[in-house]
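A quick write-up on the structure given underneath.
Throughout, numbering of the chain's residues begins at 1 and tracks the sequence. In what follows, every heavy atom counts, from backbone to side chain, and hydrogens, waters and symmetry copies are set aside. Here the structure is a predicted model, which means the values were calculated and not measured.
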Amino acid sequence: LWSLCLIDVMRSADWDDELLENAMCEEVLVAAAHGEAQSTQRHPSQQADVASGKLGSAMSDGPSTRVLFRGPRMKIGIDSGELVSEVSPVTGRMTYR
């Protein structure tokens, strides 16, 4: 689905450090689930930090992590079924359900 691909692209985008310092845009890492180590995602800047030792031994030697959030938070709704539309008698605008 397009919306799920968009979330992955936004999570791996090269955001400015200043934006990532904002509480609503900061990077959130979680421990990878058992058996998920092969699909662990690390942002390119994080890989360089692990290699240089900036993230410390907990990140490089400890359990695998994956990026849960990174950058502006997005909320996407997915729906299925028949579209119902009608003109609102109050506003005169089209409404969709």
Side-chain angles (χ1 to χ4, degrees):
L1 292 170
W2 176 83
S3 57
L4 298 177
C5 291
L6 178 63
I7 290 172
D8 284 340
V9 168
M10 295 289 285
R11 189 181 309 147
S12 62
D14 189 22
W15 300 106
D16 287 338
D17 290 337
E18 187 175 339
L19 179 76
L20 293 174
E21 290 173 6
N22 183 300
M24 295 304 295
C25 299
E26 68 185 351
E27 182 174 61
V28 177
L29 302 174
V30 295
H34 181 66
E36 189 181 26
Q38 285 82 11
S39 65
T40 298
Q41 298 177 3
R42 281 214 168 106
H43 187 266
S45 65
Q46 186 184 19
Q47 290 173 349
D49 289 346
V50 168
S52 68
K54 280 184 179 179
L55 289 179
S57 60
M59 287 298 294
S60 58
D61 298 332
S64 296
T65 61
R66 67 181 184 93
V67 178
L68 182 62
F69 297 115
R70 187 171 195 285
R73 303 301 188 257
M74 296 181 58
K75 184 185 285 188
I76 296 175
I78 300 174
D79 197 0
S80 64
E82 300 250 348
L83 175 66
V84 177
S85 61
E86 58 191 24
V87 177
S88 168
V90 175
T91 64
R93 295 181 176 182
M94 191 66 102
T95 59
Y96 301 94
R97 291 183 269 134

Open item on the list: Looking at Ala13, is its backbone amide N or carbonyl O close enough to the side chain of Arg70 to form a donor-acceptor pair, meaning the two atoms are under 3.5 Å apart?
Closed with: yes

TODO: Tell me, yes or no, whether the heavy-atom count around Met94 atom CE, taken from other residues, nucleotides or ligands under 6.0 Å, exceeds 12.
DONE: yes

Open item on the list: Grouping I, L, V, M, F, W and Y whenever their side-chain heavy atoms are under 4.5 Å apart, do Val87 and Leu83 come out in a common cluster?
Closed with: yes

Open item on the list: Quick check on the hydrophobic clustering: are Met10 and Ile76 connected, directly or via other members, by side-chain heavy-atom contacts under 4.5 Å?
Closed with: yes

TODO: Ignoring hydrogens and angles, tell me if any N or O in the side chain of Asp16 forms a donor-acceptor pair with the backbone of Glu18 under 3.5 Å.
DONE: no

Open item on the list: According to a hydrophobic-cluster definition based on side-chain heavy atoms being under 4.5 Å apart (Ile, Leu, Val, Met, Phe, Trp, Tyr only), do Trp15 and Leu68 belong together?
Closed with: no

Open item on the list: Test of understanding: clusters of I, L, V, M, F, W, Y form through side-chain heavy atoms closer than 4.5 Å, transitively. Do Ile7 and Leu20 belong to the same one?
Closed with: yes

Open item on the list: Less than 4.5 Å apart, side chain to side chain, heavy atoms only: is that true for Arg73 and Glu26?
Closed with: yes

Open item on the list: Within this structure, what is the CZ-CZ distance for the pair Phe69 and Arg11, rounded to the nearest 0.5 Å?
Closed with: 8.5 Å

Open item on the list: Nearest 0.5 angstrom please: Leu19 CG to Asp14 CG, how far?
Closed with: 11.0 Å

Open item on the list: I'd like to know whether Val67 forms a side-chain contact (heavy atoms from CB on, under 4.5 Å) with Leu29, so could you lay out the CA-CA distance, the side-chain angles of the two residues, the decisive distance to 0.1 Å, and finally the verdict.
Closed with: CA-CA 5 Å; Val67 178; Leu29 302 174; 3.6 Å; yes

Open item on the list: Would the distance check show the side chain of Ser85 and the main-chain N or O of Tyr96 forming a donor-acceptor pair, the cut-off being under 3.5 Å?
Closed with: no

